[in-house]
Amino acid sequence: MLDPKLLRGDLDQVAQRLAKRGFTLDTAQLESLESKRRELQTQTEQLQSERNSRSKAIGKAKSEGQDIEPLLAEVSDLGDRLDAAKKALATLQEEWEALTSALPNLPHDSVPEGASEDDNVELHRWGTPRDFDFEVKDHVDLGGKHGYLDFDMASKLTGSRFAVMRGPIAKLHRALAQFMLDTQTEAHGYEECYVPYMVNADSLTGTGQLPKFGEDLFRLEGDQDYYLIPTAEVPLTNFARDEILDYKSLPVRLTAHTPCFRSEAGSHGRDTRGMIRQHQFDKVEMVQMVEPDKSYEALEEMRGHAEALLQALGLPYRVVTLCTGDMGFGATKTYDLEVWLPSQDTYREISSISNCEDFQARRMQARFRHPDQKKPQLLHTLNGSGLAVGRCLLAVLENNQQADGSILVPEALRPYMGGLEVING
RNA sequence: GGAGGGAUGGCAGAGCGGUUUAAUGCACCGGUCUUGAAAACCGGCGUAGGCUAAUACCUACCCAGGGUUCGAAUCCCUGUCCCUCCGCCA
């Protein structure tokens, strides 16, 4: 959610900045709602004030044994007038809420302007894609050879866009997640968390998935209104919802390894082969909550935390700065890390790291108190993948394949694989 | 699943229809005193919004949402969460 003061004060500037990301703001509608709100609120509060003082007078008269009937007659219609005013105000506030909660965040000045992913700007590359002296196989063929990666089985059990892993590949998948989690906690200062894989609507509203993007989520049937998490960003960031943190506890750095569930509505026919795009995938997530003047520093730091993992695994990648048109709803600035996939002869997203500034914090009322500041201030929240485990597995399989279809296990993962050096050997 | 109890400021905890500006204690902040500290004493101390040049002032919030009433932290209904006991259970 954007700062309501900004929406009241400098609406044209907001509209200009939103236009950069292809969003058209109806300024006239907002302005008219706002002026009506002001009027109704003043009116409502006046009526409330009148009710309070008259009720107090009645109480006093009664305790003094006076006849209160005439006083009661005076206030007979006050209640109805107040109810009407309250209702009108509530309706207006709902309208305002619906409108403003659908507004995306304002892009940071350093973000390149653009309409689509084609306008993203490459920041740098690391590593050199291997020159293969044999025909490269993709992960489906590599993993399918001994039935270690089985998409047909998953279709039988559930449906499309799921995978079954077995044997050494299942173990490699677990090894990757463990390696990432250990690195984040031991080398990068994050606290390991275990969180619910289902969350309520309040949590999803806090991080911005709701109300606008409900169709991307799996919603559970039943008495409770629960959803499967699309990312651990949701539970982790909501740790701070309705909290006022002590500034001494900042920065808060949290990490969790969880499955993520996405409906992939609207991506029919895209990436249908293999495990690039699944309804269920594992991810190690990084979340930080920091003081406002430190959030861009933290963004760079988190990018480093994600890059360190790819470097340790020896996977070639590039970093791109997302342009205004390609950024997510709540982000002011986002870096994507894209890993090299030999079978596709291109780089594919494996991590996305975003600063949301106070956008999520305002929705969540996530604040901190600094002794120099009288009022509690909104936190800045950041999140990033470190990394997507499924896509990372696939990158390891494809980049480390050998002519005979066997896979060389990266050094960093061997301790997690019982010392195993080669899969399918 | 059954039976009870509960949710009040950072924490503890009183209030159970009007003299409440939500008592009191702890914690915290400022001051007095002191070489410094502690203790003692004095003062301050929630969040959001409105209106202001600013103070003042006004409004809302005692888990959430409804209701009763001139008036609700207090009474009624629904929901959520927590606790105790019984049953079941990884």
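Per chain, numbering begins at 1; letters A, B, ... match sequence-line order. Reckoned from all heavy atoms, side chains included, excluding hydrogens, waters and symmetry mates.
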ask   = Hey, is the side chain of A/R367 poking within less than 4.0 Å of OP1 or OP2 on B/A48, counting only N and O atoms?
value = yes
ask   = Shortest non-hydrogen contact from A/E233 to A/V287?
value = CA-CG2, 4.1 Å
ask   = Is any side-chain N or O of A/K56 closer than 4.0 Å to OP1 or OP2 of B/U21?
value = yes
ask   = More 5' along RNA chain B: A/L78 or A/Y226, using each one's nearest nucleotide?
value = A/L78
For residues 164-183 of chain A, tabulate all N or O donor-acceptor pairs below 3.5 Å that involve a side-chain atom, not counting sequence neighbours.
| residue | atom | partner | partner atom | Å |
| --- | --- | --- | --- | --- |
| A/D182 | OD2 | A/Y416 | OH | 2.7 |
| A/T183 | OG1 | A/F179 | O | 2.7 |

Donor/acceptor link under 3.5 angstrom from A/Q41 side chain onto base of B/G49 = no
request  = Answer yes when A/R161 and A/E264 have at least one side-chain N-carboxylate O distance shorter than 4.0 Å, and no when they do not.
outcome  = no
message = Does the protein touch nucleotides 71-77 of chain B at the base, only the backbone, or not at all? Give it as B, S and - per nucleotide, heavy atoms under 4.0 Å.
response = S------
message = With a cut-off of less than 4.0 Å, is there a side-chain N or O of A/T42 near OP1 or OP2 of B/G50?
response = no
Only pairs under 3.5 Å count here: list side-chain donor-acceptor contacts from residues 320-332 of chain A, not counting sequence neighbours, and write none if there are none.
| residue | atom | partner | partner atom | Å |
| --- | --- | --- | --- | --- |
| A/T324 | OG1 | A/K20 | O | 2.8 |
| A/T324 | OG1 | A/G114 | N | 3.0 |
| A/T324 | OG1 | A/G114 | O | 3.2 |
| A/D326 | OD2 | A/N120 | ND2 | 3.0 |
| A/T332 | OG1 | A/Y296 | OH | 2.8 |
| A/T332 | OG1 | A/N355 | O | 3.1 |

query = Taking atom P in both B/U8 and B/C82, what distance in whole Å separates the two?
reply = 14 Å
query = Can you tell me which stems RNA chain B forms when a stem means 3 or more consecutive Watson-Crick or G-U pairs under 3.5 Å?
reply = B:1-7 with B:80-86, B:10-12 with B:24-26, B:28-32 with B:40-44, B:46-50 with B:57-61, B:63-67 with B:75-79
message = Rounding to an integer number of angstrom, what distance separates B/C11 and B/A64 when you compare their C1' atoms?
response = 23 Å
ask   = A/Q48 side chain: which of B/A60, B/G18, B/C58 is closest?
value = B/A60
ask   = Considering only heavy atoms from C-beta outward, does the side chain of A/V409 approach that of A/V422 to under 4.5 Å?
value = no
Salt bridge (charged side-chain N to carboxylate O under 4.0 Å, His left out) involving A/R348 - partner list, sequence neighbours excluded = A/D271
remark   = In terms of heavy-atom contacts, A/Y227 and A/N200 come closest through CD1-C, 4.5 Å
Sidechain N-carboxylate O distance under 4.0 Å for A/E39, A/K36 = no
inquiry  = With rounding to the closest Å, how many angstrom separate the P atoms on B/G15 and B/U52?
reply    = 43 Å
What side-chain donor-acceptor pairs closer than 3.5 Å can you find for residues 90-101 of chain A, not counting sequence neighbours?
| residue | atom | partner | partner atom | Å |
| --- | --- | --- | --- | --- |
| A/T91 | OG1 | A/K87 | O | 2.8 |
| A/T100 | OG1 | A/W96 | O | 2.8 |
| A/T100 | OG1 | A/E97 | O | 3.4 |
| A/S101 | OG | A/E97 | O | 3.0 |

